[in-house]
Structure formats: C-alpha cells, structure tokens
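Below you'll find the structure, written out as structure tokens, and then a few comments.
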Amino acid sequence: MVSETILEFYPFDVDYSSNEGAIRIFGVTSDDKRVVVLDKNFKNYFYVIINPKKEESAVEYLENLEVASEETKIKPLDIKIVKKKLVGNPITAIKIVVENPSDVSILKDYIKETPGYIDRVEEDIPHYKKYLLRNKVPMGSKLICHGKKVDAMKYNADYVIETNKLESDGENFEKTRIMAMDIETYNPKGNPSSSKDPIIMISMQTNDGFKKVITWKQFENPQKYVKFVDSEMDIFLELSKTIEKIKPDIIVGYNSDVFDLPYIFERAEKYKIKLAWGLDKTNLNVRRRGTNAVSKINGIPHVDMFQFIRNILGPTLKTETLDLNSVAKEIIGEKKKEGINWTDIHMYWDEGGEKLKKLVEYNMHDSKITLKLAEKLSPIVLELSRIVGQPLFNVSRMRYGQCVEWFLAKNTDEFNELIPKKPYSKNVGERFVRSYEGAYVHKPKPGLFENIVVYDFRSLYPSIIVSHNICPTTLFCDCCKKGYETPKIKDKTYTFCEKEKGFIPKLLEDLIKRRMRIKEILKDMKKSDADYSILSARSYAIKTIANSAYGFYAFPRSRWYCIECAESITAWGRKYIKDVIEKAEKDKFNVLYSDTDSIMISLEDSNLDKIEKFAKKINKELPGMMELEFEGFYPRGIFVEAKKRYALANKKNELTIKGLEVVRRDWSSIARNTQREVLEALLIKGSTEKAVDIIRNRIEQLKNREVPLKDVAILTQLKRRIEDYSSIGPHVAAAKKSKQNFERGHMISYVVTEGVGSISEKSYVITDVENKDMKYDSDYYINNQLLPAVERIFSAIGVSKDELKGKLQKKLDGFFGDKK
DNA sequence: TTGAAG
DNA sequence: TAATACACTTCAA
C-alpha cells in the first residue's frame, strides 16, 4: 500500500497519453524538480441532442448500444439526460460518457441511429483540450496535487504521481527557466537546405545565467562559453546532454518552428541520432505542412517568439518587418550584431580564427536577444494561456479567433451552454460573402489647427456588447417585448434581451471589470515592483481577448458567428459617436474630425473647462459601462483632405501621425522622412519657410544621388506566389527578375532604376541594384514619391501644388545661382 | 477612364 | 482559423 503524497508544483504542459490512459500534466516544483502528474479520472464525453418526445426510446437505445471492436466491446460508460442550451436555445440532450477517448469516433456512427436524433456536439474536441476546459490547470501557476507516487522509469522526471485531486492556488512561479537557442548553418549557395548544409554552431542562453555555444571547428582563445566538439554529429549529442542538464521550463527561439528545430531534427536524423528531449523520453516531434512546421517537445513547451509576435503582438508594433532585428529593436531596444551578413557566414567559418570567434559572438548574441524578448513577452503568453485555458505551446501559436474560441468554450458550463460545432464549409462560404456596414468616419476639416482636444470612447465595441447585451443567445428573445433595440440598419432593427444577461456579454463584463481593477492597482505601482510586469501582462492579455469579441462574431469560421450581432455593434457605435459630434456642434465646438470611437475638437484657447463639462454631460447620458474619455490635448495639428490621415503635436513636441505616407512602409524612406521633417517644421517650429528649405535640399540630394540606396527602397509584401499574379506590379516584376527565391509572404524591397519603360520594367530588388551597380531614377523619386507626399501637407494649409513648385523653383534657381 | 490588386 | 473603412498607387484593358 502506497501512502498518499501531496506535492505542490507549477504546470507548463499538458497532453494525453493513450498508452498510460491518462492526462499528463508536466511541471516543476519550487526546488527545481521535474514532475509528471497522471490524471486517470477524467472520462471523455459528448452530447447527442434529441427530440424530447423520444427521450425514453433514445435512452433505451443508448443503454443497449454495444459496438464490437477488435477484441473488446465498446459501449457508453454512462448516459444521462440533461437540459442544456445551445446558443441560447433550450434543448434536450443526452450526455454520453465513454471509457476511452478513442471510443467517441467508434460510437458516433451508431449514435446517429438514436431515436429522435437531432445532432451531436462537443465530440470534435481533443481529449486533453476537453480536460483543460473542464479542469483548471493554469500554466505556470501553482497546483497542489494529491495522489500516490508511481514508477518513474518511463519519464525523465523526479516525481511521477497518479493524482486523485488537484487544487489550484493562484500563485505564479517566479523562477521560470527560459532557454533561448539559435543555430548557424554552412550554406555558401543561398538558402540553407538541411539535406546539404551542415549546422556549424548552436548557441544557448538561459535567464539564470547559463551560456553555451557548441561548434565543431577550433580556434584560438575561445570565449569561456564555447564548447568544441569533433563533428557536426557531436553537436547533437552535446545539445541533448545540455538540455537534460539545465532542465529548461520553456524553450524559445525566433522562427524556430519553421527553421531551427526542423533543421536540427533533419540533420540529426541524417546521423540516426534521436533527440529524446521530452520529459516522457520521446523525441523532438516536427510536423511539416508545406512551408509551415510545428515543433513540439512533450512536457517542455517550445515557444516560437516569432509566431506569437506575428499572430498577436504584431498589429500593435510600429516595425514594418517582423525580423528579429527590427522586433528586438522596438521591444527591448537591442539590435542584432552588426557587421555580419547572413550570406557571408560560410566565409567566416572557412576563414576560421578571429573571424570564427566573431561568428560565435554573433550566434550567442542572437540567443541573447531572443531570450530578452522572451523574458519580456512570456508573461503575456502565460497570462493569455491562463485566460484561454489551453497549454502554453498551443496558445503561443494561436491567432485572435482561436484565443476567443477557447476562452468562450472554457466558460460554457456555468451558463449551461453547450459548445456549438464548427461551421460546415458550405456555411463558411456563405458567411464569407456577407458584408455589413462598419464604423463612421467624419469628414475632416483640412488645415492647420491649434488647441486640439481628443476624446474617445473607452473600449467602444466591448462596452457596447456589454451595455446592450449583444449576444447570439439574447438576439430575438421571447421574454422581452421591447428589449434593447438597435438603431436602424437598412430599414430594420434587431432586439436583444433586457432581462437575462447573455453568456458572451457577461464574460466580457467580467473581463473588463477585472482589467479596470488591475489598472487601478497598476496606477499605484512602480515599474520596478515585482508584480508590475505580471499585472500589466494580464491587463494586456485581457484586452486582447475583449477587443477580439466583436471580430469573432463576424468571423466566418466562428462557433458563435452572429452577423446580426456584429451589425448591431457597429450600428450602435455609429449612433454614439454621431450623437457626440452633433452635441458638440450644438454647443458651438469646432469639430475637426472623428473616426469610429474618437472625436477631435479645436478650441479658441487651451482652457479645457468647457469641454470637461461637455464630456461629463455626455457620460451622464451613456448607458451601462460606456464612457467617453479624455485622450489628450495637442497644441497643433494638421488635417488633410482625406479621412484617416492627420498629424498632431503634443506639448512635448512629439508627433502622432496617422495614415500619412510617413507611416506607410510601401513608400520610400526619402519621401517619408521628408514628409516627417516638413510636418515637424510646420507643427513644432511653425515655419513654412523651413519646410520649403527641407524639400529643396532633399530634391537636390536626389538629383545629385547623395541619397543612399536604402532610402529609396520601397517595401511591399508578396501576397501570393509569384506565378499566381495576373497583374504584375513593380514588386512582383522586381522579384521575378531576381535570382533570389521569393515565396509568398516575403517582403520585397525594390528600387526604381534609371532607364526606359514602365515602372515595373525599371524596378529591381535592392540587392540586385547594389550588385549590378545600377542607378536609381531621380526623377521618379522626386516626382512620384517626394513631391506627392509633401504636396498633400501643403495643400492642407492652403498652398497649392503650383504655389509650392513656385516657391521651390525660386529657391532652386537661387541655389543654382549661388553654386555658379 | 476604370477596375483590380496592392 | 477576429472585423470594416479608407486613400492612393500602378497596371492593363
């Protein structure tokens, strides 16, 4: 008889093993021991929805159901009639519990024959995910495990415990050990290919001070952290040993899903070396799907920072490309090592000595900045994982839609709701072609203005969802005669229940209130406080989910798709912002502009009293949790004719620029920088003269070819495969002419060169322009890039194209005159 | 001049 | 495997 054990630990990964017949929770104790907890108590289940009139015969059928399968007979372990709701509609269902998760797919064809059968739900969810939906296993947060110790032979762990009870405590693990890694390959002939090009070194670094570079060519006076091995093959043996020794809780890389880990895997396979890194002693598992890949280690979450940044963080970043260098620069203020071009790496290897030492430094530096990124971002991924309720490995690869879906699925039980099925592809197709009206954008007053006040609605769409109870479960309810009625949407209105809170608005309300509490606490904290980064990560993760709910209603593959809900949200949004505009104009404020949830007003002076009163008045009339907030005061701003394009300068002389060429990556740096300088001259210095001078100088520089090539490069993404283009734009033409292999999704940096023909014919990829020593087309950059960008700004302040040219001409004449 | 594609 | 609105370019018909 084995006595009961109680163990506190922090989970980092969860899966299901059919061999064990158990859910496996992998984690770490506070004294750095590895733990595997086996839970055999959770049985999989699904629901069959039936006609309530056939209840009895349905139960009888299911009670007697028995399917013969190899050697055994399979039947439901338990059946139970339940009254549930499916997207708000009361239904009768039978919950069918099975012994083994695999029984679901064996039984389901026979379930169809149930008398009164209508549908089946919750059968399409993998067992471990279902477990996580119904059992709280917060990643990186303390669990108290009751159970008995069992044989640990099969695992690379200190404790293996079969549990009968798990309690969650809420305390976060403070010593999460993150290991970053990066590889370099020997690829003299272009893109690295794992079938030909060896790995020459691997670097690793952890957040608790461990550093190592493994390489198989010796050089003098190596860095302390270098470990020489005899051959490429030995790299893999040394790497496996190192991982086993340092026991990381999380392994991170940058693009490691698609590059580093598959490459390591494929090279090791060549030498028939197994990479048994999993806590269950299984090998690194690489699944390739076309150009995509997912690399998993059982028990140790592999987080590819690139995936998370691309899917979730990317839209909030300023950077135009998501390569490690740009992302690191923006998020942690660090760059990659300069001076080594990745195409030259093979030369550093061949030359050896000091060059090789430099390459080692470079390799280590990449691991270092990947690690720093992970230190900064892993709190967010962990928080997101805890809110969504799925493993770190999965959540770090999810997009917005999946995050919301799993978050909602986790919370259906307390509302007695079932998880609806995924839509059939036929329905998805129909949904894709449906469109609806979006937000309202007020036509701007062009010109230069002073004393600008900006107000915006705090979380407009989430607060509308909550305040008007917008949910597929409350749409067209039977209980309210009136309910919340939307403004007119193409001659009709929708009504939402006023009595019973919908399941999604209720969850959103809880999230928003939770975030408000966190923000209150953060206000009184210093950035250096221990919990600051955790709380701000939590706030960010909550915001991510809350802001995605509206989009999820309109998302064709959504399980809770509701186009009427999405239409209602934007309709109310339009009404509220238009009301504010109307009332502001009635109160004689000068409304300059408004977009979706914000309004900009120009005052005669910087006295904000009047406008504070105005906001208070608006807020008194707003329902529920809706609120108009003061966003900021800007001494000067420029609005151009077009919507969604303006620039504001705050008291600190910082510019906020929206939509203008300055912020667009598909414009050359020379055009963008010049436009920025012109805006600074006008908004901060208040001088048209200075602005004209700047333009004149830039034109001269272009004419004299003093502008470096990188400043005339234009960045455009290849959205399709090159061969799929019917219309050949300049970026496609440049990519086609290049010897480099460009694939869908690649960014093309091209330059328009001197010569004859169309723009496309004159466009070449920047590296080709460099290599072939071609010259950029000065006229193109002056007339098609620089001038249009600044002309828009000048025409806003009442200087026409011709007038601007006149001013420039005079200046240029004078300039030439001086020169002579 | 207009629509497609970016 | 979140949404729509909007401006403006180049290319090709």
Side-chain angles (χ1 to χ4, degrees), chain A residues 124 289 292 307 310-312 314-315 388 394-395 397-408 422-423 425 428 431-432 434-444 460-462 464-465 504 543-563 565-571 573-574 577 593-597 640-646 658-661 663-668 671 714-720 724-735 744 747-748 750 752 757-763 780 783-785 788-789 791-792:
Chain A
D124 58 346
R289 287 187 219 130
N292 283 329
Q307 298 279 343
R310 185 188 59 188
N311 293 337
I312 302 294
V388 167
N394 306 58
V395 173
R397 286 164 181 75
M398 283 180 184
R399 303 201 168 180
Y400 294 106
Q402 292 160 296
C403 288
V404 178
E405 179 174 285
W406 289 106
F407 168 72
L408 295 179
K422 282 184 189 168
S425 64
V428 172
R431 292 172 179 187
F432 254 112
R434 286 198 63 172
S435 67
Y436 63 95
E437 194 179 342
Y440 173 71
V441 187
H442 193 66
K443 205 165 170 259
L460 179 67
Y461 287 175
I464 288 177
I465 294 174
I504 296 171
K543 185 172 121 187
T544 302
I545 301 285
N547 284 347
S548 308
Y550 152 70
F552 195 61
Y553 280 148
F555 171 45
R557 293 182 193 278
S558 169
R559 288 181 197 253
W560 283 275
Y561 176 84
C562 179
I563 193 92
C565 293
E567 275 187 288
S568 304
I569 294 163
T570 56
R574 292 192 297 274
I577 198 70
Y593 182 59
S594 162
D595 183 352
T596 312
D597 59 354
V640 303
E641 283 282 349
K643 292 173 178 181
K644 294 187 184 285
R645 295 185 162 210
Y646 57 88
K658 297 284 177 188
L660 293 165
E661 283 75 5
V663 298
R664 297 185 60 109
R665 69 180 180 198
D666 56 350
W667 280 75
S668 59
I714 297 167
L715 207 58
T716 310
Q717 191 180 27
L718 272 185
K719 294 254 187 193
R720 323 172 159 198
D724 291 348
Y725 278 93
S726 54
S727 155
I728 311 295
H731 70 299
V732 185
R744 188 165 63 169
M747 300 299 305
I748 310 295
Y750 69 92
V752 179
S758 67
I759 305 295
S760 287
E761 285 168 307
K762 298 199 291 181
S763 297
Y780 172 83
N783 295 314
N784 296 43
Q785 292 270 323
E791 273 165 8
R792 260 184 283 284

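Below, chains carry the letters A, B, ... as their sequence lines are ordered, and counting in each starts from 1.
Note on Arg557(A): a base of the nucleic acid sits closer than 4.0 angstrom, heavy atoms only. As judged by a 4.0 angstrom heavy-atom cut-off over every strand, Ile569(A) is placed among residues making no nucleic acid contact. Within 4.0 Å (heavy atoms only), Tyr553(A) reaches no atom of the nucleic acid at all. Note on Ser435(A): nothing from the nucleic acid sits closer than 4.0 angstrom, heavy atoms only. As judged by a 4.0 angstrom heavy-atom cut-off over every strand, Gly551(A) is placed among the base-contacting residues. Residue Ala566(A) is classed as having no contact, given no heavy-atom separation below 4.0 Å to the nucleic acid. Nucleic acid contact class of Glu661(A) (heavy atoms, under 4.0 Å, all strands): none. Backbone-only contact: Lys643(A) has heavy atoms under 4.0 Å from sugar-phosphate atoms and none from a base.
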Under 3.5 Å, which donor-acceptor pairs do the side chains of residues 550-557 of chain A form with other protein atoms, sequence neighbours left out?
unit_1    : atom_1 : unit_2    : atom_2 : d
Tyr550(A) : OH     : Tyr436(A) : OH     : 2.7
Tyr553(A) : OH     : Ile470(A) : O      : 2.8

Check the interface with nucleotides 1-6 of chain B: list each N/O to N/O pair with the protein under 3.5 Å, or write none.
unit_1 : atom_1 : unit_2    : atom_2 : d
dG6(B) : OP1    : Arg720(A) : NE     : 3.1

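Extent of DNA chain C lying under 4.0 Å from chain A heavy atoms, first and last nucleotide in 5' to 3' order, is dT1(C) to dC11(C).
With sequence neighbours excluded, no residue satisfies ring pair (Phe, Tyr, Trp, His ring centres under 6.0 Å) with Trp667(A). For Asp666(A), the side chain to side chain donor-acceptor pair (under 3.5 Å) criterion is met by Arg664(A), not counting sequence neighbours. Partners of Glu661(A) by salt bridge (charged side-chain N to carboxylate O under 4.0 Å, His left out), not counting sequence neighbours, listed by chain and number: Arg645(A), Arg792(A). Applying the salt bridge (charged side-chain N to carboxylate O under 4.0 Å, His left out) test to Glu437(A) and every residue at least two apart in sequence or in another chain returns Arg574(A). Scored by the salt bridge (charged side-chain N to carboxylate O under 4.0 Å, His left out) test, Arg310(A) finds no partners at all (sequence neighbours excluded). Partners of Lys658(A) by salt bridge (charged side-chain N to carboxylate O under 4.0 Å, His left out), not counting sequence neighbours: none found.
Salt bridge status for Asp595(A) with Lys644(A): present, with a side-chain N to carboxylate O gap under 4.0 Å.
Looking only at distances, no side-chain donor or acceptor of Ser548(A) sits under 3.5 Å from a matching main-chain atom of Cys403(A).
Heavy-atom distances to DNA chain C give each of Tyr440(A) and Cys403(A) a nearest nucleotide, and the one nearer the 5′ end belongs to Cys403(A). Of the two residues near DNA chain C, Val441(A) and Ser548(A), the one whose nearest nucleotide lies more 5' is Ser548(A).
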